Amino acid sequence: MRRAPLLLIVCAMLGAALTAQQPAAPAVTAIRAGRLLDPEAGRILQNQIILVEGTRIRDVGPAVQIPAGAQVIDLSRMTVMPGLVDSHNHLALTYKPEPESNIYYYTYVAESTALRAIQAASNGIQMLAAGFTVVRDLGNNGNYADSALRQALDQGWLPGPTLINSGIIIGGMGGQFSPTPEMARQHSIVYPEYLEADTPDEIVKAVRQNILFGAKVIKICVDCKPYGYTADEIRLFIREAAKAGMKVAGHVQTPQGAKNAIDAGIWSIEHGGALNDDLHKQMAAKGIWRAGTETPTGLEGHSVSPQAYQRTIAGLKNAYENHVQSVFSTDADYFVAGKTRGELCLEFIRPWKDAGIPNVDIVRAMTINGYKIADIDKTRGPIKAGNFADLIALPGNPLDDIDSLRNVQFVMKDGQVFKRDGVMTPAGFFHGGPVNGWRIR
Ligand SMILES: [Zn+2]
């Protein structure tokens, strides 16, 4: 082997030293988008160039100059669009046919928060691979496994969707469960799945606890028990959450609970089962979000009777006709053999199709409305200069065929490619430390 001339070695060392001293300029990537879908306008623009610098979109347009040295990604045969949003999931909960017979009560008994946090990390990666770049994660995540995942994602340890997490669901005594007197006295087994707040003092304290432990939205059980919350109590939740800039999402299962939540001016109602024409009209008038969590038929182990499915479809259709602002929301917190968590969530497109909702509005429910209910639409969602670069690409056109969303081939998260040509390429997302800052909580 020939020895390199000394001068060359010195130059190389000097160059390396200089590079180490100067902060590296953010990498610039140019994406050639054959079709660019703008969900808000409901239109496709042909042959656009998206310039991404670091984590953000720098420029978009048909004649954007590609800087020398930029990496070019050719998606000229694809439809490029904002990433998808599942507005209601529980990443740290996966109940299964075995051993718990799909009864999630038993998942709490069998699995530690630590195990569930690791499952959540895997579920997050599976969601991202399917094209979901944002997930609203609304409780039932053990002892703050959701906060742990969000902090790890935000600090830069691993890939996953942007998480808007609720911490522990706050409810009246017992929460959504029916603990035995022994369990309730010891606060064991079904705790910490629910944070009990039965008085105004407890309501304030519970909201503060969740904020302290990393929640980004406050989730309450409005009417899980006959002693559900009154409109005044819900207003107290809203006031306390607002101090930290947070919104209140309410699990609702009765018309009276829905009425109380609407009267209080809650941010979102989770689950559509109790909503009717009158309540939909009130929600539309007050601009309250509907996360209906419509379950499709045909999911193995999660049968929905034809009558129940028809009610689901009719409810969704009625909400649409009343112009209630609605989001795509799955509540898909279980294992269906042969499907990733992300693939499972995409099955939930079916009720929207069956309700006869136009493709453009299904796309809006899965994108722009999801960014709005997550309260992050100022910085994420629309593909425009200044926003974070979260985008996906697929061969078909969802405005013509909504099921083309099941074939996401390309995913970019915060400006970095996570999936390309249908293959996950997550290496760049893994770090041995909190590269975005350990102070992120
Ligand atoms: Zn849920």
Side-chain angles (χ1 to χ4, degrees), residues 85-96 100 102-108 111 113 116 119-120 123-124 127 132 134-147 149-150 161 163-172 174-178 190 192-195 210 215-225 228-229 247-254 257-258 261 266-275 289-296 299 301-302 304 308 312 315-316 326-336 341-342 344-345 347-348 351 365-366 370 373-374:
V85 183
D86 182 353
S87 292
H88 186 124
N89 206 309
H90 309 271
L91 294 187
L93 174 60
T94 306
Y95 56 95
K96 311 169 285 301
E100 64 261 53
N102 279 328
I103 300 169
Y104 69 116
Y105 203 88
Y106 300 130
T107 313
Y108 306 129
E111 297 185 348
T113 294
R116 287 169 58 187
Q119 295 168 354
N123 282 333
M127 292 296 284
F132 291 94
V134 178
V135 172
R136 253 168 117 237
D137 196 332
L138 297 181
N140 293 135
N141 289 314
N143 202 10
Y144 295 102
D146 56 330
S147 288
L149 176 59
R150 185 191 51 70
L163 220 58
I164 307 301
N165 66 298
S166 73
I168 301 177
I169 300 169
I170 305 171
Q176 225 172 315
F177 278 168
S178 303
V190 302
E193 294 303 328
Y194 296 94
L195 193 52
N210 271 346
K216 295 295 167 192
V217 59
I218 297 300
K219 163 91 177 283
I220 66 172
C221 238
V222 169
D223 53 2
C224 296
K225 293 284 181 286
Y229 291 124
K247 305 293 197 278
V248 175
H251 167 109
V252 164
Q253 58 191 52
T254 65
I266 204 164
W267 177 253
S268 68
I269 288 183
E270 310 294 317
H271 313 298
L275 303 175
W289 287 99
R290 183 187 196 271
T293 65
E294 296 80 12
T295 306
L299 288 182
H302 302 272
V304 179
T312 297
L316 189 52
S326 301
V327 291
F328 180 80
S329 53
T330 68
D331 214 4
D333 47 9
Y334 36 80
F335 175 48
V336 173
R341 180 61 69 91
L344 172 60
C345 290
E347 294 292 322
F348 287 65
M366 297 180 79
I373 195 176

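Counting convention: from 1, in listed order, for ligands and their atoms alike. Quantities reported herein were computed from a predicted structural model and do not represent experimental measurements.
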Undergrad: Are T107 and E100 linked by a side-chain donor-acceptor pair shorter than 3.5 Å?
TA: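 Yes, E100 and T107 have a side-chain donor paired with an acceptor closer than 3.5 Å.
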Undergrad: Just the protein N/O/S atoms under 2.8 Å from the Zn ion (ligand 1), please, no waters.
TA: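 Protein N/O/S atoms under 2.8 Å of the Zn ion (ligand 1): H88 NE2, H90 NE2, D331 OD1.
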Undergrad: Are H90 and D331 linked by a side-chain donor-acceptor pair shorter than 3.5 Å?
TA: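 The criterion, which ignores hydrogens and geometry beyond distance, is satisfied for D331 and H90.
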Undergrad: Between R290, R136, K219, which is the residue that forms a side chain to side chain donor-acceptor pair (under 3.5 Å) with E270?
TA: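 Going through R290, R136, K219 one by one, the side chain to side chain donor-acceptor pair (under 3.5 Å) with E270 is satisfied by R136 alone.
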Undergrad: Kindly say whether L138 contributes a backbone atom to a donor-acceptor pair with the side chain of D146 at under 3.5 angstrom?
TA: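 Flag not set: sc D146 to bb L138 has no pair under 3.5 Å.
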Undergrad: Using ring-ring contact (aromatic ring centres under 6.0 Å, His included) as the criterion, list what pairs up with Y104, not counting sequence neighbours.
TA: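 By the ring-ring contact (aromatic ring centres under 6.0 Å, His included) rule, Y104 matches Y95, Y108, F177.
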Undergrad: I'd like to know if the side chain of T113 and the backbone of N143 have a donor-acceptor N/O pair within less than 3.5 Å.
TA: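 Yes; judged by distance alone, with no hydrogens or angles, the pair exists.
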